[in-house]
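Worksheet: one structure, shown below.
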Amino acid sequence: MSKNKISFKHKLRHIFVTLSFCVLMHHTSAQEVLNNLKLQYENIAITNPDRLYVAGKYITALFFNQQEEKAAQILDENLQVALLLKDGKYAANLYAISAMNNRIAERLKDSDTSLEKAKAYADNSKDIEIKGYINYCEGWLHVRNNKEGEAVRSFLRAITYFDKAPPSPTLNGRKSTTYKELTSVYANWNEHQLQEKYSLLALDLAIKQNDPIAIFDAYMLMGYMYEQQYMKDESKQDVRNLAEKYYLQAINTYDKNKSKIPFPSNLSFVANNLAHLYFSYFPNSYQNKVLYYAELARKQGLATQQYTHVASSYGIMAELAIKDGKPDRAKEYLLAALTEVSKSSVPDENIILSIYESLSEIAESEKNLPEAIRYYKAYMETFKSIYNQEQLELGRRLEAQFDKERQQQQLITMQLEADKKEQQISLMQTISLQQKQELENLKLHEENQRKQLELTQLESEKRTQELKLSRLETQSRAQDILNYKNEISYKEKINKYYISLILVFLLALMLLLYAYKQRSKRLRQNKELYNATLDKERQNAKIATLTAMLSGQEQERGRLARDLHDGLRGLLSSTKISLSQLTDQVASPAKNNMQKSIEKLDTAVEELRRVAHNLMPELLNRYGLQEALQDYARRMSNDQLDIDVQFLHYKSDLEKDRQLLVYRIIQELVNNAIKHASPKQIIIQVVEETDHYSITVEDDGDGFDIHQIKGNNSAGLYNIQSRVDFLKGKFSIQSEKQVGTSVEFIFKKILHDKNCDY
């Protein structure tokens with residue numbers, strides 16, 4: 001019985017958790033928010049650039065309140081103004097909003113296009129904050145496209161820009177939003193330390209802003225985070241206590257700032273969460289607190305007409321009554337919850353379904369079968385209603401889709417018929433012209449026949465007169481005709497001979513051209529094969545040279561480390577012992593000097609030990625890359641420099657020789673950053689993907705010109721490139737002066753890239 005009731009409680013609680021992170025702090029009516037933003041937008045002059053930032057907020061509010069056409073209209077109007085301004089930050093901001101709105105509306109291509117335009121205009125702007133905001137927008141889109149690894153990189157770049165940006169009215173809000181997005185991603189990855197880190201940063205920022213609403217939100221977020229961690233491992237009671245602490249701080253923040261927090265319904269929400277925490281995870285001695293906070297949530301929910309909050313508080317009271325063996329009291333609370341949730345303008349039928357189920361189970365436990373059947377029937381009717389509504393909505397969507405496709409088909413059919421009629425008209429016009437032409441030809445033909453008849457008569461008379469002459473000339477003409485025919489036959493034979501000769505010549509020429517092309521093709525293929533073989537040999541020679549060079553370097557490092565450790569360190573240690581023995585035998589002034597010498601020897605021994613570890617890290621051979629890098633980061637960090645190492649999805653199955661290469665590359669990058677960039681923070685991130693590894697080293701130092709450093713052919717860059725080439729990887733550098741440097745190299749796993757290059 002208790003198990004079923006807890007199920008009902010969790011159903012209500014799931015609804016409130018979703019509510020807290022979707023619409024928390026937005027209890028004021030949507031129309032009131034829109035009216036305020038509209039008033040702000042219209043009261044700013046068109047020539048004032050601040051109007052463009054207010055327009056962005058107004059567009060977002062319109063979009064989320066199903067006024068997409070008006071939002072698109074205002075976006076186009078303000079983009080026309082922003083594109084005329086010299087500074088691209090205004091256009092970049094509007095294109096970023098367009099990208100996120102298009103992604104929510106599932107217009108993926110439009111979203112990508114808007115993002116590219118936003119990045120282009122941000123690159124042309126000197127405003128550091130807008131560069132950070134565009135990186136945040138890119139990370140936000142990556143999260144929605146299930147590319148959380150790329151999203152984290154974009155969010156970290158955004159924070160780097162925000163940290164360097166001058167104060168502005170929007171800076172802290174954007175930074176806080178970025179912290180919350182990182183908290184969400186790390187929560188999905190079960191990276192509790194990083195999740196806690198960015199949650200605390202969001203809380204610190206809210207406290208610095210002295211914004212009670214933001215502080216309340218941050219405390220609520222922290223309490224919920226620790227509650228979820230405790231639900232995964234209920235042995236950690238300190239985590240449970242932290243959840244309680246932050247929930248109580250949220251309530252205290254509300255009590256101290258009632259006049260400054262315009263959303264009193266938030267108090268009922270926090271009270272419900274705290275009552276649930278006490279009921280589910282604290283001893284029975286906390287039942288009074290459960291009842292106190294559930295009653296507080298009920299009163300506050302009734303005062304603010306948050307009937308779903310009231311139903312949740314009644315649900316917790318019902319659980320408590322069942323636990324105390326008072327089913328009648330539990331039934332009263334459940335009926336009250338049913339009454340309150342029905343008062344909502346749009347009652348949630350899923351909650352009603354859970355209430356009916358719980359009432360049916362209570363009646364069944366009391367052997368009251370008629371009542372149990374009655375509530376079960378109500379449960380089934382509600383279930384059918386939900387199911388029928390879902391099916392009806394699905395049917396409507398399918399019918400709308402079918403009507404749309406049918407209209408498109410009708411439009412295509414009408415277009416085809418119009419084209420067919422147009423072709424028929426064109427054909428009829430052509431036939432008409434042909435008939436006119438034939439009529440004119442017929443008239444001309446009749447005229448010709450008439451004239452030919454007259455000519456025939458004249459010719460008949462002429463022939464009668466010439467008949468006599470014709471008879472005389474017949475014999476002479478017959479002989480001429482015979483000669484003419486013979487001449488024609490001879491010319492025809494000569495023409496056939498010439499034509500045959502020309503055809504044979506053309507055929508021979510075509511054969512020669514074909515043979516020449518085939519020979520040229522074979523020569524070209526042989527040349528390409530030879531060049532490919534030569535390139536392969538060169539690559540093999542290069543790999544062999546790199547192998548020998550790297551092996552020699554590591555052997556020499558190992559030998560030098562052993563010599564320093566076994567030889568020079570032993571000598572320094574023996575010298576320290578000798579001086580220590582002589583300390584008691586000398587006078588006091590000399591004794592102090594000797595003691596300082598011994599301390600310098602200790603410093604030298606420690607420095608020698610650090611150099612030996614850098615030359616040949618012993619932890620790398622014993623425990624692997626992760627322990628070696630974390631030890632290296634601890635040794636290199638100091639008060640002026642913080643080095644953070646992050647391993648994401650790393651399974652520690654990288655080969656030893658490749659671990660050493662990766663360690664050397666990271667060591668070279670960190671040394672270069674410390675030597676040339678004067679950073680305050682360096683982030684080393686190792687991510688293992690399905691078929692490759694991705695290593696990123698980022699710092700917030702001075703930065704440099706990439707084109708200038710590539711032309712210097714520095715030894716450090718050459719060593720890094722050589723090791724990356726040995727890993728058959730890909731190496732890229734991104735840097736901007738006064739912002740920082742990001743170096744990334746990627747190489748594939750051996751099991752997946754034996755026969756292919758990256």
Side-chain angles (χ1 to χ4, degrees), residues 109 112-113 116 412 415-416 419-420 422-435 437-438 440-441 444-445 448 476-549 691-692 706-707 710-711 713 717-718 721-733 745-758:
K109 291 184 178 180
D112 293 338
T113 302
E116 292 302 321
I412 293 172
Q415 185 66 36
L416 290 175
D419 293 341
K420 185 177 179 180
E422 186 177 354
Q423 291 176 359
Q424 289 176 350
I425 293 171
S426 177
L427 180 61
M428 291 175 64
Q429 291 176 349
T430 304
I431 292 173
S432 177
L433 292 174
Q434 289 178 352
Q435 289 176 348
Q437 187 67 35
E438 288 176 356
E440 292 178 358
N441 291 337
L444 291 173
H445 182 65
N448 288 335
S476 176
R477 287 180 178 177
Q479 186 64 38
D480 292 338
I481 290 170
L482 181 62
N483 293 334
Y484 181 71
K485 287 182 178 180
N486 291 333
E487 183 179 358
I488 289 175
S489 178
Y490 176 76
K491 288 182 178 180
E492 288 178 351
K493 291 180 180 179
I494 292 297
N495 289 336
K496 289 180 180 178
Y497 174 76
Y498 283 143
I499 290 171
S500 300
L501 187 63
I502 290 171
L503 290 174
V504 171
F505 176 75
L506 290 174
L507 181 61
L509 182 61
M510 291 174 65
L511 290 173
L512 288 173
L513 288 173
Y514 177 75
Y516 174 75
K517 289 183 178 179
Q518 290 295 111
R519 184 173 180 274
S520 299
K521 183 178 180 180
R522 285 196 299 272
L523 290 175
R524 186 169 61 254
Q525 290 176 347
N526 292 336
K527 184 176 180 181
E528 291 176 354
L529 181 60
Y530 172 77
N531 290 334
T533 304
L534 185 60
D535 291 340
K536 185 176 181 180
E537 291 298 328
R538 288 174 179 172
Q539 186 67 22
N540 291 336
K542 183 178 179 181
I543 291 174
T545 303
L546 287 173
T547 303
M549 180 186 71
D691 58 348
H692 67 275
I706 296 178
H707 301 290
K710 286 183 178 179
N713 296 323
L717 185 61
Y718 175 76
Q721 187 66 57
S722 299
R723 288 181 169 87
V724 174
D725 291 341
F726 187 78
L727 291 170
K728 296 183 179 180
K730 183 180 178 182
F731 176 55
S732 64
I733 303 176
F745 62 95
I746 302 173
F747 60 94
K748 288 194 173 182
K749 296 181 179 179
I750 290 180
L751 293 177
H752 299 281
D753 67 344
K754 287 183 177 180
N755 298 319
C756 63
D757 294 332
Y758 189 76

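Everything numeric here is computed off the predicted structure, so don't read it as measured data.
One finds the CG atom of L523 at 5.0 Å from the CZ atom of R519 (value rounded to the nearest 0.5 Å).
In this structure, the side chain to side chain contact (heavy atoms under 4.5 Å, CB included) partners of E116, at least two apart in sequence or on a different chain, are K119.
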Can you give the donor-acceptor pairs under 3.5 Å from side chains of residues 490-510 to other protein atoms, not counting sequence neighbours?
residue	atom	partner	partner atom	Å
N495	ND2	K491	O	3.3
S500	OG	K496	O	3.0

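Of all the heavy atoms in F731 and Q721, the pair that sits closest is CD2-OE1, 3.1 Å. What you find for H692 and I746 is that their closest heavy atoms are CD2-CG2, 3.3 Å. In this structure, I733 and I706 approach most closely via the heavy-atom pair O-CD1, 3.3 Å.
A heavy-atom distance below 4.5 Å is not found between the side chains of K521 and K517.
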- Item | K749 vs D691, side-chain contact (heavy atoms from CB on, under 4.5 Å): CA-CA, chis, key distance, verdict | CA-CA 6 Å; K749 296 181 179 179; D691 58 348; 5.7 Å; no
